[in-house]
Q: 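For reference, the structure I am asking about is given below.
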Amino acid sequence: MENNVRAILDGLNEEQSKAVQCVEGPVLIVAGAGSGKTRVLTSRVAYLLAGGVDPSRVLALTFTKKAAGEMKERIGLMVGAYKARKLVMGTFHSVFIRFLRDYSESLGYPREFTIYDQSDSVSAVKAVVKELNLDDSVYKPRDVLSRISNAKNNLITVSAYKADRNAIIADTHSRRPRLVDVYERYQQRLKQSGVMDFDDILVNMNILLRDNPQALRDISSRFSYIMVDEYQDTNVAQYIIIKKLSSGHHNICVVGDDSQSIYAFRGAQIQNILNFRKDYPECKLFRLERNYRSTPTIVEAANSVIEHNAGRIPKKCFADGDPGEKLHLIQAYTEQDEAVEIVSSIQKRMRTDGAAYQDFAILYRTNAQSRALEEQLRRRNIPYIIYSGNSFFERAEVKDMMAYFKLVVNPLDDESFKRVVNKPARAIGDTSVKALEQAARELGTTLFRAAFADGLEGYGLRTAAVQKIRTFCAMIDSLNQLVKTMGAFDLARQIADRSGLYELYKSDTSIEGMTRFANVEELVNSVAAFEEERRDEAEGAEDLFTLDDFLENVSLLSNVDITDDEDTNNKVALMTVHSAKGLEFPYVFVTGMEENLFPSQSMLLSQRDIEEERRLFYVAITRAGKAVTLSYAGTRMRNGRHESNSPSRFLREIDSRYLERPIEEENEGFGGSRDALNGFPLRSNPSHRERWTPPVHAATGGHAHQGVPAPSAAAAHAPAAVDPNFVPLPMTEFRTGQRIEHNRFGFGEILEITGKVPELKARVRFDDLGEKLLLLKYAKMRLAK
DNA sequence: AAAGCGGTACTTTTT
DNA sequence: GTACCGCTTT
């Protein structure tokens with residue numbers, strides 16, 4: 001035992017070690033970026049267990065599955081997988097769902113309630129807005145949902161909302177006085193469908209703990225120690241749950257960094273961490289200030305930025321060793337130039353430092369900024385991966401299959417019902433669905449139930465249509481009978497088969513169709529993988545892992561969870577700063593350092609918002625281990641317009657001692673003689689210039705050379721002569737057998753050229769996408785080098 | 001039911 | 001610039 005403990009504490013610094021051993025009473029661990037937070041958390045759990053605590057009495061809450069999984073694994077290595085598995089460790093949502101299932105009936109939900117994801121919720125709001133005859137250009141479903149979500153995060157139920165004068169006044173001011181009605185009806189519909197949205201999980205958990213004293217006792221008495229990761233990102237609903245669950249013993253340990261609170265727009269309350277000491281005056285505070293990730297220069301630069309924020313928990317992060325490189329700065333004319341310079345910088349770094357692709361991350365404030373970067377990375381054949389919203393689970397075909405899964409598990413789910421009732425085509429058209437919806441509304445029930453009501457003809461449904469709908473429902477119902485008796489994978493296959501979806505996608509032999517089919521297959525295979533994984537965990541216990549388990553698991557996954565190691569292997573990572581939180585890379589580029597972009601335009605309004613943007617910038621810088629490069633462009637295309645913005649105020653907030661060179665103070669917008677400013681010429685990449693210089697024969701005619709932007713800033717504004725009959729020269733240069741590179745489709749080989757100028761077409765076999773017929777007039781492609 | 005249009009809107013998004 | 005939605009067209 002003594003040995004165990006020594007092994008656990010071995011290698012921890014003094015503060016870490018103290019935090020690990022302080023297990024009784026409230027504890028606040030303020031963990032700076034790269035300070036070994038995960039190590040402390042895992043060691044602390046291991047320490048608890050080494051002290052004889054039953055692992056099932058430890059509750060540890062995180063925000064992502066990935067974080068929970070990593071911690072569990074590391075604890076497993078320390079104390080053995082058997083013990084680690086008994087820990088109640090997971091995301092807020094996944095842990096609370098399990099509690100809610102046990103008490104679902106007392107809350108008015110079926111035990112098999114399912115979860116609506118964001119897009120389900122938006123569709124449901126959209127349906128309600130329509131139902132209430134409101135204008136969806138005023139009651140924009142996304143905005144309305146975000147208001148509802150905001151209310152829920154603050155535990156404002158429909159009745160509380162109605163009583164909330166401020167909320168009602170705010171809605172009236174934004175000319176949406178009936179927002180509360182949408183909220184009410186939306187809530188009714190979800191409940192009727194046996195569905196919770198993400199926020200409901202937290203709201204209902206609160207309702208349960210408030211209204212059901214037995215549940216409160218049962219649940220809170222199961223745990224003696226509670227730990228919460230990323231505490232700065234908790235919202236009001238989470239805060240109260242945590243408080244209630246720990247009220248019996250006060251063994252509550254929260255870990256976080258107020259400087260990294262960046263989710264206020266989703267209801268996160270930085271006050272939660274700032275006020276922890278007021279909530280628990282007897283609390284012990286530990287500051288993890290030693291940074292093991294970054295160079296002293298990076299740490300100091302980050303400090304100098306965050307010091308501009310008021311209202312922080314005092315702490316002074318530091319790092320030892322070689323100070324390291326100063327922060328680099330790229331000043332570019334346009335976002336294309338910015339991208340070019342970043343890419344060359346990556347290539348240079350790979351040569352000089354022997355770095356690999358996966359050592360680099362390119363961060364930006366908004367997803368739209370990835371485009372120019374992608375183009376340059378492709379052009380130079382640099383492998384990259386974008387962490388973004390368009391994930392596997394957002395593809396239409398995957399959503400279709402998922403909707404079938406959801407509907408089979410919960411036939412009352414109206415959104416899933418509508419999505420798949422006529423997919424594949426069953427001659428149940430819009431008119432029939434509309435009529436069924438009308439019937440359901442008047443009967444106060446769901447589509448599935450309404451389908452079996454008498455007198456549907458009265459709603460304008462023909463007997464034949466009713467028949468078809470019922471046949472569909474009967475199929476869903478018979479599959480539903482299998483949910484509890486059949487393994488997830490077998491049932492998934494049956495659903496794919498009997499729904500006709502498999503056949504639908506299989507029969508499409510176009511390139512896109514084949515991709516879609518592959519995605520559907522992949523989803524079904526992932527059910528198999530899930531079952532296997534669960535079986536491994538159960539270590540031979542003959543449990544049945546069913547489709548509802550799978551759904552619950554998958555509906556609570558995030559992008560980061562989905563991206564697997566193979567995808568990230570040896571690739572440059574592109575992502576928003578938000579997505580980068582919690583990650584680290586040796587070399588980090590923070591792009592688009594311009595006013596109105598970073599900080600974002602809409603965040604310039606209030607002090608509170610600007611501080612959140614500053615924390616975001618802090619997060620960006622502190623991702624880096626060895627070097628940070630900041631970049632901005634004098635002009636960039638935004639929303640179809642060229643925009644010029646001055647360099648970000650955040651650049652000036654960095655203590656100049658840590659900057660490679662000063663920031664240009666002035667900016668007259670694009671077009672001025674920038675080179676003369678402060679004597680700091682804009683860097684321009686020579687190879688880039690060369691590349692873009694138009695060939696002489698094209699330039700002499702006074703014609704624009706297709707696809708070739710003018711070489712310099714001055715020329716970029718010179719209007720090009722427009723001749724509708726002019727055929728750009730490069731087009732005619734293509735020959736059969738040539739290797740080409742297309743902007744969107746990547747590399748390929750020309751198999752055949754057909755048609756006459758200017759309607760020349762090329763049949764191209766792309767390496768990744770197979771054959772496509774391209775009209776040369778429009779195709780953005782060039783010869784591959 | 002797909003394709004073709006015109007109008008619109010466009011921060012971030014751990015669950 | 002473009003992606004997406006909803007409407008009209010074939």
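What you see is a predicted model, and the numbers here were worked out from it, not measured in a lab. Naming: A, B, ... by sequence-line order, numbering from 1 per chain.
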Q: Provide, to the nearest angstrom, the distance between the CG atom belonging to A/Asp143 and the P atom belonging to B/dC10.
A: 7 Å
Q: A/Ala425 has a side chain; which of B/dA1, C/dG6, B/dT14 sits nearest to it?
A: B/dA1
Q: What's the CG-P distance between A/Asp430 and B/dA2, to the nearest Å?
A: 13 Å
Q: Have a look at A/Gln118 and say if it touches a base, only the backbone sugar-phosphate, or nothing, with a 4.0 Å heavy-atom cut-off.
A: base
Q: Can you list the residues that meet the salt bridge (charged side-chain N to carboxylate O under 4.0 Å, His left out) rule with A/Glu611, with sequence neighbours excluded?
A: none
Q: Taking for each residue the nucleotide of DNA chain B bearing the nearest heavy atom, is the 5' side occupied by A/Ala268 or by A/Gly429?
A: A/Gly429
Q: Using 30° and 60° as the class boundaries, would you call the ring planes of A/Phe113 and A/Tyr109 parallel, tilted or perpendicular?
A: perpendicular
Q: Would one find a side-chain N or O of A/Thr366 under 4.0 angstrom from OP1 or OP2 of B/dC10?
A: no
Q: Does A/Lys581 come within less than 4.0 Å of A/Asp233, counting only side-chain N to carboxylate O?
A: yes
Q: Distance check needed: B/dT13 P versus A/Met575 CE, whole Å only.
A: 11 Å
Q: For a stem of at least 3 consecutive Watson-Crick or G-U pairs with distances under 3.5 Å, i pairing with j, i+1 with j-1 and so on, which stems involve DNA chain C?
A: B:1-10 with C:1-10
Q: Whole angstroms only, please: what is the CD-C1' distance between A/Gln369 and C/dT2?
A: 16 Å
Q: I'd like to know if A/Arg371 pairs up with A/Glu335 as an ion pair, taking the criterion as any Lys NZ or Arg NE/NH1/NH2 lying under 4.0 Å from an Asp or Glu carboxylate oxygen.
A: no
Q: Let me know the distance between CZ of A/Arg142 and C1' of C/dC5, rounded to the nearest Å.
A: 13 Å
Q: Once the angle between the rings of A/Phe92 and A/Phe63 is folded into 0 to 90°, is it parallel (under 30°), tilted (30 to 60°) or perpendicular (over 60°)?
A: tilted
Q: Answer yes or no for this row: A/Phe265 ring on B/dT12 base, centroids under 5.5 Å, planes under 30°.
A: yes
Q: From the set B/dT14, C/dT2, B/dC10, return the single nucleotide nearest to any side-chain atom of A/Arg371.
A: C/dT2
Q: Can you tell me how far P of C/dG1 sits from CD of A/Glu375, to the nearest Å?
A: 12 Å
Q: Scan every strand shown for a Watson-Crick or G-U wobble partner of B/dT13, both distances under 3.5 Å, and answer none if you come up empty.
A: none
Q: Salt bridge (charged side-chain N to carboxylate O under 4.0 Å, His left out) with A/Glu584: which residues, sequence neighbours excluded?
A: A/Arg293
Q: Please determine whether any donor N or O and acceptor N or O are separated by less than 3.5 Å between the side chain of A/Arg365 and the base of B/dT12.
A: yes
Q: Nearest nucleotide by nearest heavy atom, which residue falls closer to the 5' end of DNA chain B, A/Asn639 or A/Phe198?
A: A/Asn639
Q: Categorize A/Tyr263 for me: base, sugar-phosphate, or nothing, with a 4.0 angstrom heavy-atom threshold over every strand shown.
A: base
Q: Listed by chain and number, what are the side-chain hydrogen bond (donor to acceptor under 3.5 Å, both in side chains) partners of A/Arg74, not counting sequence neighbours?
A: none
Q: What distance, rounded to whole Å, do you find between the two P atoms, one in C/dC4 and one in B/dT13?
A: 16 Å
Q: So, using salt bridge (charged side-chain N to carboxylate O under 4.0 Å, His left out) as the criterion, who are the partners of A/Lys191 when residues are at least two apart?
A: none
Q: So which nucleotide from B/dT14, B/dT11, B/dT13 ends up closest to the side chain of A/Asp233?
A: B/dT14
Q: Taking 4.0 Å as the cut-off, does a side-chain nitrogen or oxygen of A/Asn367 come that near to OP1 or OP2 on B/dT12?
A: yes
Q: Write down the distance between CZ (A/Arg615) and C1' (B/dT12), rounded to a whole number of angstrom.
A: 13 Å
Q: Not counting sequence neighbours, which residues clear salt bridge (charged side-chain N to carboxylate O under 4.0 Å, His left out) with A/Asp120? List them please.
A: A/Lys406
Q: Under the rule syn = chi within 90° of 0, otherwise anti, which is B/dT8?
A: anti
Q: Below 4.0 angstrom from OP1 or OP2 of B/dT12, is there any side-chain N or O of A/Ser579?
A: no
Q: Output the rounded distance in Å from CG (A/Leu597) to P (B/dT12).
A: 10 Å
Q: Heavy atoms from C-beta onward define the side chain here; which of C/dG6, B/dT13, C/dG1 lies closest to that of A/Met637?
A: C/dG1
